[in-house]
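Everything on this sheet refers to the single structure shown next.
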Amino acid sequence: MHKTSDTSVRSPVVPTRVRTWAKRGCAAAAVLAASGLVMSFDTLKNDAQAQRAPEAGQTIQTPYGRAPLSFADIVEKTRPAVVSISVTNGKKRTASRRGGGGIIPGIPNLPEDHPLNKFFKNLPKEYGGKKGRGPVRPSLAQGSGFVISADGYIVTNNHVIDDASEIQVRFDKDRKHVAELVGADPRTDLALLKIKDADGQKFEHVKFSTAKTRVGDWVLAVGNPFGLGGTVTAGIVSAQGRDIGSGPYDYLQIDAAVNRGNSGGPTFNLSGEVVGVNTAIYSPSGGNVGIAFAVPAATAMEVIEQLKKDGTVSRGWLGVKIQNIDEDTAASLGLEDAKGALVSDVTPDGPAEGAGLEAQDAILSVDDSMIADSRDLARKIAGYSPGSKVDVVVWRDNARKTINVELGRFPSSSEEIAALREGRPASPKVTELTQLGLSLKPVANKEGDDDEGGVVIAEVDPESDAAAKGLKSGDIVLEVQGVEVESSKDVVEGVRKAVERKRGAVLMHIKSGNSKRFVAVRLKKDNG
């Protein structure tokens, strides 16, 4: 699958961006790409016009009611609300992209821990490798989206606009507008955009369906496959409640043809309402094989409402890795039923660790609500607000034990999620050093890395002397004033001593990539 949860990763779906490989640090995306799933996009339509059913002359009577002879009326009413999205990705990838920009296309964006990462990274620059490469040119990507309000709010996929420096939306009649990101939710792969240059213009739009969707219902997918724009395909709802390994949420499965570029587009019912947001396809070859997945309307409406209000989605977070309990596991633990979720690991500095949850605890219920399996637990916890206090009943040492846990906030960025998968704290503590114009955080050494200690520069004040001297986010501070650094406290102490001795600058030993150098950073004068 494309997305992952704080449960185990187990799916073969891949994002429908134009890329086959997922962003850096996301090991789950590599699994998806290897299994051959590709995300897809579609388009949506106007809500005022979308509710009218096909006219009588366009239908035929069947034993189960009238069926459409043509979808043309529905398409005519909905397509004006569907947009093609063009994205320029340049901000982050200029500094951190790991492949795909050379003469040979398709070099994958491999995670750091992938066994082939070093091979591609060390290729000469003329073959797309990092070795000797200068600044990476911004790349282009395409997807789909649909307008949900007259003032220009647009729904699409997070992976369509992720890392975007510029976003342009184009309507079917070649009208183009610049859009800005309102908010995104990587866990459901949804994003909300707003047209910037509307100039008071009212846009045709569609609305989400609140009706129950049934397997076998007709659906239409509208989108921008392969950059063709304005493409409509038809099919049926093939299944509901699909687990695509992308978190605890269920997805619709449809057989309408969707391909690269359809991601973020709508799936319509025969009333012209959106029943799903096209997100992924199952495809060993990368093309349509009749198995596509869409975020259900009910889930999308809940997420979009939060994005519109706050720009982000807040979910409860327990801070455990969990797995299902099968019959053999239940027997080994002394449980009568194979239900609940087994804690396989506890996230460092997470809510569960602070409350006393341990590996091998079997979570049976949360606030008197029984837990069926690991996905059920993930859904229930995500339904709470951060800061909520819940009673978690666990099975430990052949006895039930109730543990009160104050839930944290589920990580919202891909970097935080990647940190959790690697067993690191989701939000490492950051130390601000205003006198140096730096903020510092602990080093996250991975297996196989040389542990030289030090702390990582999290951010650099662009107006500071540190920025002028070339220090940047990701550099590692190894020494301060000749003293080895093991934590941020050592840097703080080094600055304090320099101030006491009335030094105008602090000498730091910096590691940037594979090179090391000494940098003397001038101290800011205390204006207080």
Side-chain angles (χ1 to χ4, degrees), residues 40-84 144-148 155 170-174 203-240 242 251-279 281-283 287-298 300:
S40 61
F41 315 146
D42 241 62
T43 51
L44 293 179
K45 160 87 183 53
N46 185 350
D47 97 12
Q49 301 174 322
Q51 297 179 346
R52 293 166 46 192
E55 307 201 11
Q58 295 277 325
T59 65
I60 186 173
Q61 184 64 43
T62 75
Y64 300 99
R66 301 197 69 83
L69 287 174
S70 171
F71 299 114
D73 288 342
I74 302 171
V75 172
E76 184 178 339
K77 297 170 184 177
T78 57
R79 192 160 59 178
V82 179
V83 298
S84 299
S144 306
F146 55 97
V147 184
I148 60 169
V155 174
R170 186 180 75 253
F171 288 85
D172 201 30
K173 295 182 179 179
D174 288 333
F203 297 92
E204 294 187 82
H205 55 285
V206 291
K207 71 176 184 179
F208 288 102
S209 172
T210 57
K212 183 178 180 180
T213 301
R214 300 187 303 165
V215 174
D217 282 348
W218 281 107
V219 289
L220 300 178
V222 187
N224 181 32
F226 303 110
L228 295 173
T231 300
V232 181
T233 56
I236 63 170
V237 176
S238 304
Q240 299 189 74
R242 288 302 197 203
Y251 290 77
L252 291 179
Q253 179 183 329
I254 63 174
D255 69 351
V258 290
N259 290 281
R260 295 173 186 245
N262 278 116
S263 287
T267 295
F268 291 109
N269 60 18
L270 294 189
S271 296
E273 297 174 332
V274 180
V275 296
V277 182
N278 296 326
T279 297
I281 64 174
Y282 182 90
S283 176
N288 170 61
V289 295
I291 300 177
F293 302 100
V295 180

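Between the CG atom of N278 and the CZ atom of F293 there is a distance of 11.5 Å, given to the nearest 0.5 Å. Separation of atoms CZ (F171) and CZ (F203) is listed at 5.0 Å; rounding is to 0.5 Å.
The backbone N or O of S144 lies less than 3.5 Å from no partner atom in the side chain of N224, so there is not a single donor-acceptor pair. Proximity of a side-chain donor or acceptor of D255 to a complementary backbone N or O of I236 within less than 3.5 Å is detected. Side-chain atoms of T233 never come within 3.5 Å of backbone atoms of A256 as a donor-acceptor pair (strictly under, hydrogens ignored).
Heavy-atom minimum distance, S209 versus A211: OG-N, 3.2 Å. Listed here is the closest heavy atom pair of G229 and S84: CA-OG, 3.8 Å. Minimum heavy-atom separation, V289 to Y282: CG2-O, 2.8 Å. Heavy-atom minimum distance, R79 versus G230: NH1-O, 3.4 Å. Across A294 and T267, no two heavy atoms sit closer than the pair CB-OG1, 4.3 Å. Taking every heavy atom of both residues into account, Q240 and L252 meet most closely at CG-CD2, 3.8 Å.
Partners of R242 under the side-chain hydrogen bond (donor to acceptor under 3.5 Å, both in side chains) rule, at least two apart in sequence or in another chain, are Q253. Residues satisfying the side-chain hydrogen bond (donor to acceptor under 3.5 Å, both in side chains) criterion with D217, sequence neighbours excluded, are absent altogether. Under the side-chain contact (heavy atoms from CB on, under 4.5 Å) criterion, A300 pairs with L190, F208, V277, V295, sequence neighbours left out.
Looking at heavy atoms from C-beta onward, R214 lies out of side-chain contact with V237 at the 4.5 angstrom threshold. Contact check for V274 versus F268: side-chain heavy atoms found under the 4.5 Å cut-off.
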Q. Where do L220 and I74 land on the side-chain contact (heavy atoms from CB on, under 4.5 Å) test, with the steps shown first?
A. CA-CA 9 Å; L220 300 178; I74 302 171; 3.8 Å; yes

